[in-house]
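What follows is a set of notes on a single structure, which appears directly below.
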Amino acid sequence: MDANGPQSDPSTPLSGELVRHGTGVNSNRAFPTNSYPSSLDPFVLFEQFYIDPDTGFPMHPHRGFEIVSYMLDGGMDHEDSLGVSNTAYEGDAMRITTGRGIRHSEFPADGQGCTGLQLWVNLPRAEKDVEPDYVDATADQLPTEERDGATVTTVVGDGSPIDLITPMEYLDVVVTDSWTWSMPDGWAGFLYGVDGEGTVDGAAFTGGDVLPMTDARPVELQTDGTFRVVAVSGRPHGEPIHQRGPFVL
């Protein structure tokens with residue numbers, strides 16, 4: 001896939017699309033999809049994955065981007081060619097810098113299925129051949145604070161031990177009333193519905209929905225119950241994104 005930059009912002013949220021991977025893992029993909037076929041510079045791909053106990057991803061290669069995995073339920077065993085072995089549970093996060101090349105595997109832990117979110121972030125052309133790297137953080141290492149109308153956990157950003165080469169922010173937000181989100185000028189990003197339902201600028205928004213954004217206008221999220229979303233933004237590289245399966249060239 002060649003993605004030469006984001007499309008214009010959709011006027012209403014989009015629904016994700018079901019993807020069944022060759023290993024039997026199912027995902028709800030936010031982008032790229034038929035509804036939003038391009039990537040969203042600097043983001044290559046985002047999806048919510050569901051790994052059943054008898055499925056997973058055997059050892060496979062990646063290069064040219066960074067991966068952020070954030071667990072929603074259950075545990076996921078990670079092993080890689082750097083010699084790292086780690087199990088991430090609910091609320092834990094992992095970041096892999098694939099750089100010039102890395103191999104890793106992902107399987108559900110403890111004989112139980114697991115669910116999580118995975119984000120691919122492009123590396124700028126000048127950083128494509130950096131040494132591969134890995135870091136993880138447990139849920140209690142990720143800063144969580146109460147803000148007006150919401151509880152916000154910073155997965156990537158101020159106070160988090162997870163950082164990337166690309167300047168970005170990744171928030172896990174549980175809205176209980178009304179909460180306003182905006183990105184820095186010049187950044188691109190998206191909202192993804194994890195659970196519950198509410199509205200985004202008055203438009204209905206529920207689990208599995210996505211709203212890509214390429215401008216820094218504030219958006220208001222409201223709910224009469226509990227509404228969980230992730231709000232992700234980053235500084236574009238201004239370079240074409242060339243994805244070839246597990247590689248971003």
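Predicted model only: the values in this text are computed from it and were never measured.
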As a quick check of understanding, evaluate side-chain hydrogen bond (donor to acceptor under 3.5 Å, both in side chains) for Thr180 and Glu220, giving each step before the final call. CA-CA 4 Å; Thr180 300; Glu220 185 178 20; 4.8 Å; no

Report yes or no: do Ser105 and Glu79 form a side-chain donor-acceptor pair below 3.5 Å? no

Between atom CG of Leu123 and atom CG of Asp129, what is the distance when rounded to the nearest 0.5 Å? 9.5 Å

Just wondering, more than 12 heavy atoms not from Glu197 lying within 6.0 Å of its CD? no

Show which side-chain atoms of residues 60-67 pair as donor or acceptor with protein atoms under 3.5 Å away, not counting sequence neighbours.
{"unit_1": "His60", "atom_1": "ND1", "unit_2": "Pro58", "atom_2": "O", "d": "2.7"}
{"unit_1": "His60", "atom_1": "ND1", "unit_2": "His104", "atom_2": "O", "d": "3.0"}
{"unit_1": "His60", "atom_1": "NE2", "unit_2": "His62", "atom_2": "NE2", "d": "3.1"}
{"unit_1": "His60", "atom_1": "NE2", "unit_2": "His104", "atom_2": "NE2", "d": "3.2"}
{"unit_1": "His62", "atom_1": "ND1", "unit_2": "Pro246", "atom_2": "O", "d": "2.9"}
{"unit_1": "His62", "atom_1": "NE2", "unit_2": "His104", "atom_2": "NE2", "d": "3.4"}
{"unit_1": "Glu66", "atom_1": "OE1", "unit_2": "Ile165", "atom_2": "N", "d": "2.9"}
{"unit_1": "Glu66", "atom_1": "OE2", "unit_2": "Thr97", "atom_2": "OG1", "d": "2.5"}

Would you say the side chain of His242 lies within less than 4.5 Å of the side chain of Val248, judging by non-hydrogen atoms? no

Test of understanding: clusters of I, L, V, M, F, W, Y form through side-chain heavy atoms closer than 4.5 Å, transitively. Do Trp187 and Val229 belong to the same one? yes

Would you name the heavy atoms of Ala137 and Gln141 that are closest together and state the gap between them? CA-OE1, 3.3 Å

Examine Phe43 together with Phe190 and report whether their ring centres are nearer than 6.0 Å. yes

Given the rule that I, L, V, M, F, W and Y join up when any side-chain heavy atoms are under 4.5 Å apart, are Met94 and Val25 in one cluster? yes

Using every non-hydrogen atom in the two residues, find where Pro132 and Gly101 come nearest and quote the distance to one decimal. CG-O, 3.4 Å

Could you tell me if the side chain of Val219 sits less than 4.5 Å from the side chain of Met213, heavy atoms only? yes

Spatial distance of atom OH (Tyr36) from atom CG (Leu211) [nearest 0.5 Å]: 9.5 Å

Leu40 and Phe31, any side-chain heavy atoms less than 4.5 Å apart: yes

Inspect the contact between Glu127 and Arg125 and indicate whether a charged nitrogen and a carboxylate oxygen are less than 4.0 angstrom apart. no

More than 12 non-hydrogen atoms from neighbouring residues, nucleotides or ligands closer than 6.0 Å to CG on Asp140, yes or no? yes

Between Pro13 and Ala203 the two heavy atoms that sit nearest each other are CD-CB, 3.7 Å

Quick one: do Thr151 and Val173 satisfy side-chain contact (heavy atoms from CB on, under 4.5 Å)? Show the steps, please. CA-CA 6 Å; Thr151 302; Val173 185; over 6 Å; no

Is there a side-chain contact (heavy atoms from CB on, under 4.5 Å) between Asp209 and Leu14? Walk through the geometry before answering. CA-CA 6 Å; Asp209 287 348; Leu14 306 171; over 6 Å; no

Which atom names give the shortest non-hydrogen contact between Tyr89 and Ala109, and what distance separates them? OH-CB, 4.4 Å

Roughly how far, to the nearest 0.5 Å, is the OG1 atom of Thr115 from the CE atom of Met71? 7.0 Å

Does one hydrophobic cluster hold both Val84 and Phe107, with members joined at side-chain heavy-atom distances below 4.5 Å? no

What do you reckon, is CZ of Arg103 surrounded by more than 12 foreign heavy atoms closer than 6.0 Å? yes

Using only atom types and a distance under 3.5 Å, with no angle test, would you say the side chain of Ser160 pairs donor to acceptor with the backbone of Ile162? yes

Find the distance between CG (Asp201) and CD (Gln222) and round it off to the nearest 0.5 Å. 9.0 Å

Heavy-atom distance under 4.5 Å between the side chains of Pro37 and Pro32, does that happen here? no

Taking the side chain as every heavy atom from C-beta outward, state whether Met168 and Ser233 have any atom pair closer than 4.5 Å. no

Is a side-chain donor or acceptor of Asp41 paired with a backbone partner of Gly238 at a separation under 3.5 angstrom? yes

Can a donor-acceptor pair be found, under 3.5 Å and without considering hydrogens, that links the side chain of Thr23 to the backbone of Phe57? no

Could you tell me whether the side chain of Leu171 reaches within less than 4.5 Å of the side chain of Val155, counting heavy atoms only? no

About how many Å separate CG of Leu191 and CE of Met183, when rounded to the nearest 0.5 Å? 9.0 Å

For the hydrophobic clusters of this structure (ILVMFWY residues joined by side-chain heavy atoms under 4.5 Å, transitively), does one cluster hold both Val130 and Val121? no

Output yes when a side-chain donor or acceptor of Thr166 lies under 3.5 Å from a complementary backbone atom of Pro124, and no otherwise. no

Are Thr138 and Asp92 close enough that a side-chain donor and a side-chain acceptor fall under 3.5 Å? no

To the nearest 0.5 Å, how far apart are OG in Ser15 and CZ in Phe205? 9.5 Å

Quick one: does Leu18's side chain get under 4.5 Å of Asn26's, heavy atoms only? yes

Could you give me the CA-CA distance, side-chain angles and deciding distance for Met59 and Ser81, then say whether side-chain contact (heavy atoms from CB on, under 4.5 Å) is met? CA-CA 9 Å; Met59 195 68 70; Ser81 53; 5.7 Å; no

Please give me the minimum heavy-atom distance between Pro184 and Ala216, naming the atom from each residue. O-CB, 3.8 Å

Salt bridge (charged side-chain N to carboxylate O under 4.0 Å, His left out) partner of Arg95, chosen from Asp163, Asp136, Asp80: Asp163

Test of understanding: clusters of I, L, V, M, F, W, Y form through side-chain heavy atoms closer than 4.5 Å, transitively. Do Val152 and Trp181 belong to the same one? yes

Would you sort out whether Val175 and Thr226 count as a side-chain contact (heavy atoms from CB on, under 4.5 Å), showing the intermediate values? CA-CA 6 Å; Val175 182; Thr226 301; over 6 Å; no

Quick one: hydrophobic cluster around Leu249, which other residues, with the 4.5 Å side-chain cut-off, linked directly or via members? Phe247

Determine the minimum heavy-atom distance between Ile241 and Ser39, stating which atoms define it. CD1-CB, 3.9 Å

Distance-only criterion, 3.5 Å: show the donor-acceptor pairs between side-chain atoms of residues 44-54 and protein atoms not counting sequence neighbours.
{"unit_1": "Glu47", "atom_1": "OE1", "unit_2": "Arg29", "atom_2": "NE", "d": "2.9"}
{"unit_1": "Glu47", "atom_1": "OE1", "unit_2": "Arg29", "atom_2": "NH2", "d": "2.9"}
{"unit_1": "Glu47", "atom_1": "OE2", "unit_2": "His21", "atom_2": "NE2", "d": "3.1"}
{"unit_1": "Glu47", "atom_1": "OE2", "unit_2": "Ser27", "atom_2": "OG", "d": "3.1"}
{"unit_1": "Gln48", "atom_1": "OE1", "unit_2": "Tyr192", "atom_2": "OH", "d": "2.9"}

Any non-hydrogen side-chain atom of Val194 less than 4.5 Å from a side-chain atom of Val230? yes

Got a sec: does the CG of Asn86 have more than 12 other heavy atoms crowding it under 6.0 Å? yes

For Tyr70 and Asp172, test the side chains for any donor-to-acceptor distance below 3.5 angstrom and give the result as yes or no. yes

